[in-house]
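Take a look at the structure set out below.
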Amino acid sequence: MKPFFIIGNWKLNGNTIFVKNYINKIKNFLNKKKLNYCKISIAPSYTYLYLSNIYLNNTKIALTAQNVDINLSGSFTGEISINMLKDIGVKYVIIGHSERRIFHKETNEYISKKFHIIKSNDLIPILCIGETKLEKDMNQTKDICAKQIDVILNDQGVQAFNNTIIAYEPIWAIGSGKSANPIEVQNIHKFIRDYIAQKDLNISKNIIIQYGGSINENNIDMFIKQKDINGFLIGKASLTAENFISIVKKAEKIISSIH
Ligand code: 13P
């Protein structure tokens, strides 16, 4: 069985004290409770990855980066390469987040290059996809998701999706306080899995499809119970260790009651 993968995307938040306290709290929690169904990861800003890696030493908490450059080295002022991330213990890299698509004008083609550089250096991409409110209202969600996946499928083939993560994050649900309907999310996740399955059944079965968008401890039940929802990418509710731990605890309980 795939672990239910919960990642806290801290976005542009945190400082050294925050990192230390947060990781200590999670470590204390994990010392008391063994996780049977969930896997967890945190995604701090670049500046705190190194420190986080030191604090996370000897734990099962994986380290995720929020971004990466498409180049390995050279004259690219202000950028961070995949080798640098690998060097400090990063395992997963978020790409295609709507906040980067919107505020940094990242295109599907550019995101595909990031996907390639991550895969070819043996790290795991978390490809964020999802539609705007207008696209949802126009019934275009599936087309948009397919289009966001297509560029990578066409550039790199379905094999590139082996051992990767797709995070479905409807843009209108992010930070809105109102999550999407879990049944509708299941429907989209199934569409995504079937879309990959048309090219390769095994890869589609193994792919982890996370949901992100206003997840909190009070609304996770129905999401977890859906067959094709394999984890969460959480923003705001991951910004205190207490909330993040509550979500993980509750997820463990719900999943244990299903099995
Ligand atoms: P919120 O959980 O704050 O809606 O953010 C979701 C998100 O963008 C995670 O990447």
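Counting convention: from 1, in listed order, for ligands and their atoms alike.
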Does an N or O from Leu233, backbone or side chain, lie closer than 3.5 Å to an N or O of ligand 1?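 No; every N/O pair is 3.5 Å or more apart.
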
Do any nitrogen or oxygen atoms of Glu169 lie less than 3.5 angstrom from nitrogen or oxygen atoms of ligand 1?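 Yes, Glu169 has an N/O under 3.5 Å of an N/O on ligand 1.
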
Listed once per pair and sorted, the side chain to side chain donor-acceptor pair (under 3.5 Å) pairs that draw on residues 50-62, sequence neighbours left out: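 Qualifying pairs, neighbours excluded: none.
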
Number the atoms of ligand 1 from 1 as they appear, then name those within less than 4.0 Å of a heavy atom of Gly213, with their elements.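 Those of ligand 1 that fall under 4.0 Å from Gly213 are 4 (O), 6 (C).
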
Atoms in ligand 1 flagged as close to Lys236, the criterion being non-hydrogen separation under 4.0 Å: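 Every atom of ligand 1 under 4.0 Å from some heavy atom of Lys236: 1 (P), 2 (O), 3 (O).
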
Close aromatic pair by centroid cut-off 6.0 Å: Trp10 and Tyr22: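 Judged by ring-centre distance (under 6.0 Å), Trp10 and Tyr22 do meet the cut-off.
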
Which residue holds the protein heavy atom closest to atom 6 (C) of ligand 1, what is that atom called, and what is the gap in Å?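 Of every protein heavy atom, Gly235 N, 3.7 Å lies nearest to atom 6 (C) of ligand 1.
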
Protein contact to atom 5 (O) of ligand 1 [nearest heavy atom, distance to 0.1 Å]: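 Looking only at protein heavy atoms, the one closest to atom 5 (O) of ligand 1 is Lys11 NZ, 3.2 Å.
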
Ion pair check, Arg101 and Glu106, cut-off under 4.0 Å: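 So Arg101 does not pair with Glu106 through a salt bridge.
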
Passes side-chain hydrogen bond (donor to acceptor under 3.5 Å, both in side chains), His97 versus Glu169? Steps please. CA-CA 8 Å; His97 196 285; Glu169 299 205 313; 3.0 Å; yes

Could you check whether the rings of Tyr211 and His189 sit parallel, tilted or perpendicular, using 30° and 60° as the cut-offs?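 Plane angle between 30° and 60°, so tilted.
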
Those residues that, when tested against Phe4, pass ring-ring contact (aromatic ring centres under 6.0 Å, His included) (two or more places apart):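 Partners of Phe4 under the ring-ring contact (aromatic ring centres under 6.0 Å, His included) test: Phe232.
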
May I ask you to identify, for Asn9, whether its side chain, its backbone, both or neither come under 4.0 Å of ligand 1 on a heavy-atom basis?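 It is the side chain that gets close, since no backbone atom is under 4.0 Å.
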
